[in-house]
Amino acid sequence: MATGSEDETIKLWDIQTGDCLQTLRADRPYEGMNILGITGLTAAQKATLKALGAVEQSH
């Protein structure tokens, strides 16, 4: 069985065991882009970039 969610994922389930077999997610345009230390962005802009896949982490 497949289900969709507001978090933009599709999950494939084993209907006999109830186990999630796989989670699918479409590529996001800023997936993995590190925005740590970027200046000039508002909190809302950072939140939007994170929703589109950006991360804020030190290496």
Side-chain angles (χ1 to χ4, degrees):
M1 176 171 65
T3 60
S5 177
E6 286 185 29
D7 68 358
E8 298 180 8
T9 60
I10 297 171
K11 292 186 182 269
L12 304 177
W13 301 89
D14 182 317
I15 58 173
Q16 292 182 349
T17 65
D19 293 335
C20 178
L21 302 174
Q22 189 173 8
T23 300
L24 307 170
R25 168 177 265 157
D27 289 337
R28 297 180 294 174
Y30 296 97
E31 193 72 46
M33 177 187 284
N34 191 353
I35 59 171
L36 182 69
I38 292 180
T39 60
L41 295 176
T42 66
Q45 290 168 323
K46 281 186 178 183
T48 299
L49 286 170
K50 288 179 183 179
L52 295 171
V55 295
E56 194 169 14
Q57 62 189 21
S58 62
H59 293 279

**Q** Check I10 against A2 and note the closest heavy-atom contact, atom names and distance.
**A** CG2-CB, 4.4 Å
**Q** Identify, with sequence neighbours excluded, every residue that meets side-chain contact (heavy atoms from CB on, under 4.5 Å) alongside E6.
**A**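 Not a single residue meets the side-chain contact (heavy atoms from CB on, under 4.5 Å) criterion with E6.
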**Q** Among all residues two or more places apart in sequence or in another chain, which pass the side chain to side chain donor-acceptor pair (under 3.5 Å) test with T48?
**A** none
**Q** Work out which heavy atom in T42 is nearest to a heavy atom in Q45; give both atom names and the distance.
**A** N-OE1, 2.7 Å
**Q** Report the residues that fulfil side chain to side chain donor-acceptor pair (under 3.5 Å) with E8, sequence neighbours left out, ordered by chain and then residue number.
**A**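 Counting only residues at least two positions away or on another chain, E8 forms no side chain to side chain donor-acceptor pair (under 3.5 Å).
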**Q** Return each pair, listed once, that meets salt bridge (Lys or Arg N to Asp or Glu O under 4.0 Å) where at least one residue sits in residues 32-43; pairs must be two or more places apart or across chains.
**A**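 Counting only pairs at least two positions apart or across chains, no salt bridge (Lys or Arg N to Asp or Glu O under 4.0 Å) contact touches residues 32-43.
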**Q** Side-chain heavy atoms under 4.5 Å apart, restricted to Ile/Leu/Val/Met/Phe/Trp/Tyr: what other residues fall into the cluster of Y30, or is it alone?
**A**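 Its cluster mates, by chain and number, are M33, I35, I38, L41, L49, L52.
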**Q** Not counting sequence neighbours, list each pair that qualifies as a salt bridge (Lys or Arg N to Asp or Glu O under 4.0 Å) and has a residue in residues 35-50.
**A**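 Those involving residues 35-50 are K46-E56, K50-E56.
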**Q** A43: which residues meet the side-chain contact (heavy atoms from CB on, under 4.5 Å) condition with it, sequence neighbours left out?
**A** none
**Q** Can you name the nearest heavy-atom pair linking W13 to L21, along with the distance?
**A** C-CD1, 3.9 Å
**Q** Does N34 reach the main-chain N or O of Q57 with its side chain, forming a donor-acceptor pair under 3.5 Å?
**A** yes
**Q** Please list all pairs passing the salt bridge (Lys or Arg N to Asp or Glu O under 4.0 Å) test where one or both residues lie in residues 17-27, with sequence neighbours left out.
**A** none
